[in-house]
Amino acid sequence: MDINTVIADLEAIVGPQHVLRSRAERAVYGYDASVFRGTELLAVVLPTTAEQISRLVVWCRDHGVPYVARGTGTGISGGAIPTHGGVVIELALMNQVLEVDLANRLAVVQPGVVNQDLKRSVQQHGYAYTYVPDPGSQVVSTIGGNVATNAGGMHCLKYGITGNHILGLEMVLPDGDIVTVGGKAVDQPGADLTGLLVGSEGTLGIVTKIIVRLLQMPEAVTTHLALFKTVDDAANTVSGIISSGLLPAAMELLDKSIMQAVDKAVHIGFPAEAGAALIIELDGFSDDMARNADRVAEVCKTHDVISFETEEGIEAGQRLWLSRRAAFGAMARLDTDVYIVDGCVPRTQLPEALRRVTAIAERYDLPIVNVAHAGDGNLHPSIPFSKRRAGDIERVLEAGREILEACVELGGSITGEHGVGMEKQNEMTLMFTPTELQVMRRIKLAHDPDDLCNPKKIFPLSMLAEAAS
Amino acid sequence: MTPSPTALHNRLTALFGAENAWMDEPATAGYAVASRRPAVVAAPCTAEQVTAFLELASREKLGVVPWGRGTQMHLGPPPAEYDVALSLKHLTRVLEYDSANLTLTAEAGLALREVYRLTIPGRQFLPLGYPGSEASLGGLLATNTSGVKRLRYGGMRDLLLGIRVALPEGELLRYGGRVVKNVAGYDMCKLYIGSLGAFGVVTEVTFRLAMLPEDERLLAVAFPTLAQGMAAATAVRSAALLPSTVALVSSAGWADSLPVSLQPGQAALLVHVDGSHESVQRQIAEGEAICTSHEAVEAATLSGEALLTMWERQEVWRTSSPDPALLQVRVGVPPSSVETALGLLDEAPGFCRGPVRWLADAGIGSVTARLPLDAQADDLVAQVQAWLGGIRARLDDRQGFAVVESAPEILITQLDVWGTSSGAGLLKRYKSRFDPQGALNRGRYVGGL
Ligand SMILES: Cc1cc2nc3c(=O)[nH]c(=O)nc-3n(C[C@H](O)[C@H](O)[C@H](O)COP(=O)(O)OP(=O)(O)OC[C@H]3O[C@@H](n4cnc5c(N)ncnc54)[C@H](O)[C@@H]3O)c2cc1C
């Protein structure tokens with residue numbers, strides 16, 4: 001196909017100013033926040049309406065050209081990487097909050113709205129409501145990307161993940177149909193299609209409109225930072241708090257290695273005997289806050305807490321959140337790159353999972369550091385390395401795979417929130433039988449029989465090769 | 001060609017044993033859907049047996065209707081083909097109750113009340129239905145039934161973690177798992193929520209549980225008119241409260257065992273709060289203050305056993321198999337349009353022989369209404385069709401919908417039970433890949449599937 005014809009066709013759909021074609025521009029879109037990179041593209045297009053996207057995907061189908069939807073490319077599993085060239089459909093220009101409907105506690109947004117911008121936009125209507133899901137990337141990642149990856153964050157324990165907050169979607173299917181699923185009224189007849197399409201990582205169509213739930217801002221917030229001698233003490237505290245009947249908004253765990261790294265970066269001054277830190281955030285009514293905070297302190301005591309600090313209010317709490325928020329930056333200082341593993345286990349298996357991570361780190365001689373959304377059993381062992389050092393990346397990926405094997409063995413999942421993308425395609429076999437994968441793929445085939453919509457992702461490469469032959 | 005009932009019975013006896021396959025009259029009559037009866041009733045004992053049966057059914061092009069505990073079999077038009085009733089009554093094992101991780105895995109035929117019995121001693125519960133519910137876990141999943149406290153604890157889609165499902169072509173599969181965060185591949189569990197068996201027979205489910213609250217109380221307040229009750233409901237919803245339920249009932253509607261009495265034309269607002277003693281006390285007080293400023297005529301609170309009984313009666317009313325002289329409709333709207341929905345439903349149309357009874361969940365935006373049919377009405381089918389079409393057109397403007405949950409056979413076979421659904425095209429695509437023969441519940445599902 002002549003590249004000039006291609007560009008002319010695309011320009012006819014989205015307008016000349018919304019097609020990027022220079023080598024430099026195209027090269028940028030070969031990356032996201034993962035450790036992978038893509039192949040040469042034809043062009044990047046920035047549509048402004050669902051109808052344009054519909055025409056784009058029909059054009060792609062007619063010409064056998066693959067395409068990938070992209071939010072802001074903060075994905076960590078390579079979901080937005082164009083692995084087979086073609087066209088990147090960037091949603092940056094579809095960034096309007098279309099409606100804030102406080103009477104129904106919802107908002108209707110375009111996919112390119114940045115998570116944090118939605119929160120700000122809701123707050124313009126008074127500070128009573130907010131949009132809750134808060135991935136660490138919330139200042140840059142898009143709601144469309146969050147929906148496509150079913151993103152998590154720090155406050156999932158009480159509030160759930162992105163999918164729990166999505167009431168409905170508009171999606172352009174690979175044949176150009178624009179469909180609506182779910183809506184402002186819940187429990188429409190038929191299956192929970194919204195739930196099925198959330199987390200489909202851009203492989204079933206392109207999300208063009210999203211109805212999100214809004215929640216009331218809590219009246220009171222209390223944050224605790226508790227230090228323990230061991231990870232086991234901290235993890236057992238997490239289980240103890242939950243079985244006492246409390247449901248904190250967040251419970252985040254840091255192990256000794258990341259505490260040391262954070263201390264170097266932002267000088268917190270953790271005592272030498274501290275082997276684990278737990279950040280616990282309670283929110284709710286002011287009436288019972290003091291008593292709940294006391295109950296948390298009690299549980300911490302029974303697990304030999306060595307220090308316990310409390311701050312009231314969101315602002316003051318930031319001081320205690322600092323070590324967690326600084327963790328990513330601190331990791332980045334350990335080497336030129338960092339590989340973040342994302343696995344999930346039943347909450348009570350967290351100590352065992354972290355023990356296995358330590359053993360794997362020793363075996364591979366890798367300086368693994370650990371943060372975890374402990375309340376959810378979602379661990380993020382993170383491995384500093386350098387892409388430039390020969391053999392590093394292979395060793396790191398190998399160790400990552402072993403960690404995921406351990407998570408599955410302990411009754412968990414190969415990904416709690418970052419998705420499969422191109423990173424974990426082959427690890428899907430740890431969780432699913434070949435038949436389970438074949439049947440799951442029927443959904444893909446029902447949407448995209450030509451496999452042009454973010455092609456050859458999610459499913460194991462061996463299975464895709466077999467299907468193709 | 002479909003085998004004769006006797007031949008079929010023999011095959012199923014070979015599969016499941018003579019004690020688990022019946023073709024005699026009382027047995028098949030017990031599994032009637034409207035006036036349609038199966039040729040044979042079969043009750044497999046394991047998920048593997050379910051799978052083996054489905055393989056046979058799709059090979060022989062049988063029409064299969066899966067049965068949980070049969071509490072909601074009036075949903076949807078009667079099956080177009082009904083050779084076998086596939087009863088899950090033997091699939092009732094609890095496979096794992098992990099109280100430390102607040103999860104429960106059980107076979108799909110288990111009654112919800114058994115889950116309450118098992119978990120209440122540890123102060124945990126599955127926030128669906130009500131403690132005495134006869135419904136099976138698989139049935140709740142297939143009908144997408146959430147609990148009255150959904151505002152606080154989430155609904156079916158928030159609580160379901162994993163499934164095991166048998167497909168018509170003989171695959172037995174697991175999706176999801178036991179952890180609360182799991183984004184490995186498509187979330188196949190969601191396809192089965194509200195699936196009414198269209199995409200496979202769910203044999204096992206895993207749910208997350210919640211801790212019982214320290215305290216819970218219900219505030220019931222009577223208002224002179226429905227409009228005033230509705231205004232108070234809106235005020236409660238927009239106040240800084242976190243109720244588990246905000247519901248409305250009318251004097252004509254379901255008003256048994258309420259702690260306030262309703263005169264004709266009056267309505268009651270029910271606000272249920274769960275939480276610590278302090279937060280419950282405060283919310284009840286604030287709720288009362290809001291209601292007083294909306295000219296409440298009477299207010300009372302319920303707690304403990306009396307509170308449970310009240311919800312239980314309400315849920316029994318809403319979910320029981322209604323008598324054949326009734327039309328039951330469920331309307332879904334954005335919560336702010338509940339008043340509009342009630343305006344449409346409250347007035348009895350000409351084909352009714354008495355007032356419409358309804359229950360409104362004003363927090364979720366869902367109204368269940370029962371219309372007593374006048375059997376003498378001229379041209380009942382046409383009248384109901386016209387009424388339903390009118391309601392749907394008005395609800396459309398509000399992004400709402402109406403489904404017929406139950407009706408006499410003459411109606412349910414002729415009405416558009418589900419209405420048009422924007423997702424019907426996708427459901428059809430999936431159906432052709434999951435159940436290409438249309439073995440499961442043929443003709444009963446959205447879009448005529
Ligand atoms: C520092 C940092 C912290 C992070 N913290 C978290 C965290 O706490 N929790 C978490 O879950 N993730 C986290 N992430 C990962 C990432 O931010 C999320 O996956 C996020 O949801 C991706 O959004 P995005 O807009 O960048 O999407 P992209 O990376 O651009 O795309 C991600 C996937 O979504 C698809 N997609 C994007 N938009 C659409 C659309 N409109 N329609 C269909 N498909 C679409 C893409 O094709 C791709 O498969 C973090 C990342 C970084 C770099």
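Numbered from 1 within each chain, the chains take letters A, B, ... in sequence-line order.
Between chain A and the options B:Ser195, B:Ala100, B:Ser99, the largest number of non-hydrogen pairs under 4.5 Å is found for B:Ala100. Chain A forms the most heavy-atom pairs under 4.5 Å with one residue out of B:Tyr192, B:Phe401, B:Tyr445, and that residue is B:Phe401. Counting heavy-atom pairs closer than 4.5 Å to chain B, the top residue among A:Pro218, A:Pro189, A:Gly182 is A:Pro189. Among A:Gly411, A:Gly183, A:Gly199, the residue with the largest count of heavy-atom pairs under 4.5 Å with chain B is A:Gly411. Of the listed residues (B:Val183, B:Val179, B:Leu395), the one with the most heavy-atom contacts under 4.5 Å to chain A is B:Val183. Of the listed residues (B:Val331, B:Leu242, B:Val417), the one with the most heavy-atom contacts under 4.5 Å to chain A is B:Leu242. Between chain A and the residues B:Thr234, B:Val403, B:Leu449, B:Asn144, the most heavy-atom pairs under 4.5 angstrom are made by B:Asn144. Contact tally against chain B (heavy-atom pairs below 4.5 Å) for A:Val179, A:Asn150, A:Thr180: the top residue is A:Thr180. Of the listed residues (B:Ala240, B:Gly275, B:Ser421, B:Gly447), the greatest number of heavy-atom pairs within a distance under 4.5 Å of chain A belongs to B:Ala240.
Salt-bridge check for A:Asp175 with B:Arg429: passed, with a basic side-chain N closer than 4.0 Å to an acidic carboxylate O. Taking a cutoff of 4.0 Å between a charged side-chain nitrogen and a carboxylate oxygen, B:Arg164 and A:Glu436 do not qualify as a salt bridge. Taking the charged nitrogens against the carboxylate oxygens, A:Arg347 and B:Asp98 have no contact shorter than 4.0 Å, which rules out a salt bridge.
The minimum heavy-atom distance between B:Ala184 and A:Ser413, with the atom names listed, is CB-OG, 4.0 Å. Closest approach of A:Ile166 to B:Arg157, counting heavy atoms only: O-NH1, 3.1 Å. Between B:Lys190 and A:Ala191 the shortest heavy-atom distance is O-CB, 4.2 Å. Smallest separation of non-hydrogen atoms from A:Val439 and B:Met188: O-CE, 4.3 Å. Among all heavy-atom pairs drawn from A:Arg291 and B:Ser276, the shortest one is NH2-CB, 3.6 Å.
The neighbour count for A:Arg213 CZ, taken as heavy atoms of other residues, nucleotides or ligands under 6.0 Å away, is above 12. Atom NZ of A:Lys158 has more than 12 neighbouring heavy atoms from other residues, nucleotides or ligands inside a 6.0 Å radius. By the 6.0 Å contact criterion, CZ on B:Arg392 is enclosed, its count of non-hydrogen atoms from other residues, nucleotides or ligands being greater than 12.
In this structure, A:Leu445 and B:Arg433 have side chains that are in contact, with non-hydrogen atoms separated by less than 4.5 Å. Side-chain contact check for A:Val198 versus B:Asp187: every heavy-atom pair is 4.5 Å or farther apart. No side-chain heavy atom of B:Asn182 sits less than 4.5 Å from a side-chain heavy atom of A:Thr415. Residues B:Lys181 and A:Cys156 have side chains in contact (heavy-atom distance under 4.5 Å, counting atoms from C-beta outward). Taking the side chain as every heavy atom from C-beta outward, B:Leu191 and A:Ile443 approach each other to under 4.5 Å. Counting only heavy atoms from C-beta outward, the side chains of A:Asp287 and B:His277 never approach each other to under 4.5 Å.
A distance of 10.5 Å separates CD of B:Glu278 from OG of A:Ser286, quoted to the nearest 0.5 Å. Taken from OG in A:Ser243 to CD in B:Gln124, the straight-line distance is 8.5 Å, to the nearest 0.5 Å. If you take CZ on A:Phe285 and CZ on B:Arg282, they are separated by 5.5 Å, rounding to the nearest 0.5 Å. Here B:Leu173 contributes atom CG and A:Gln438 contributes atom CD; the two are 11.0 Å apart, rounded to the nearest 0.5 Å. The distance from the NZ atom of A:Lys184 to the OG atom of B:Ser337 is 8.5 Å, given to the nearest 0.5 Å. A distance of 8.0 Å separates OG in B:Ser279 from CG in A:Asn292, rounded to the nearest 0.5 Å.
In this structure, B:Asn101 contributes its side chain and A:Thr348 its backbone to a donor-acceptor pair below 3.5 Å. Judged by distance alone, with hydrogens and angles left aside, the side-chain atoms of A:Asn104 form a donor-acceptor pair with the main-chain N or O of B:Ser336 at under 3.5 Å. Proximity of a side-chain donor or acceptor of A:Ser200 to a complementary backbone N or O of B:Tyr186 within less than 3.5 Å is not detected. No side-chain donor-acceptor contact under 3.5 Å links A:Glu201 to the backbone of B:Gly185.
Only the side chain of B:Val446 comes within contact range of chain A, judged by heavy atoms closer than 4.5 Å. Heavy-atom distances place both the backbone and the side chain of B:Arg174 under 4.5 Å from chain A. Of the atoms belonging to A:Leu410, it is backbone heavy atoms, and not side-chain ones, that fall under 4.5 Å from chain B. Proximity to chain B is limited to the side chain of A:Glu219, based on heavy atoms less than 4.5 angstrom apart. Residue contact with chain A, scored on non-hydrogen atoms closer than 4.5 Å, involves the backbone and the side chain of B:Phe434 alike. The parts of A:Ile242 that come within reach of chain B are both its backbone and its side chain, each placing non-hydrogen atoms under 4.5 angstrom from that chain. With a 4.5 Å cut-off on non-hydrogen atoms, A:Asp101 does not touch chain B at all. Both the backbone and the side chain of A:Lys444 come within contact range of chain B, judged by heavy atoms closer than 4.5 Å. Residue contact with chain B, scored on non-hydrogen atoms closer than 4.5 Å, is absent for A:Ser77. Proximity to chain A is limited to the backbone of B:Val333, based on heavy atoms less than 4.5 angstrom apart. Only the side chain of B:Glu214 comes within contact range of chain A, with heavy atoms under 4.5 Å apart. Heavy-atom distances place the side chain of B:Leu167, and not its backbone, under 4.5 Å from chain A. Only the side chain of A:Arg105 comes within contact range of chain B, with heavy atoms under 4.5 Å apart. Residue contact with chain B, scored on non-hydrogen atoms closer than 4.5 Å, involves the side chain of A:Met428 exclusively. Contacts between B:Leu426 and chain A at a heavy-atom distance below 4.5 Å involve the side chain alone, from C-beta outward. Of the atoms belonging to B:Gln283, it is side-chain heavy atoms, and not backbone ones, that fall under 4.5 Å from chain A. At a 4.5 Å heavy-atom cutoff, B:Ala341 makes no contact with chain A through either its backbone or its side chain. Contacts between A:Leu196 and chain B at a heavy-atom distance below 4.5 Å involve backbone atoms as well as side-chain atoms. If you measure heavy-atom distances from B:Arg237 to chain A, the contacts under 4.5 Å come from both the backbone and the side chain.
Aromatic pair A:His447/B:Tyr430: ring centres closer than 6.0 Å.
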When you look at B:Arg150 and A:Asp187, which way does the salt bridge (charged side-chain N to carboxylate O under 4.0 Å, His left out) test go after all the steps? CA-CA 12 Å; B:Arg150 178 180 184 166; A:Asp187 294 345; 2.7 Å; yes
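Between A:Phe432 and B:Tyr175, the two ring planes are tilted [angle within 30° to 60°].
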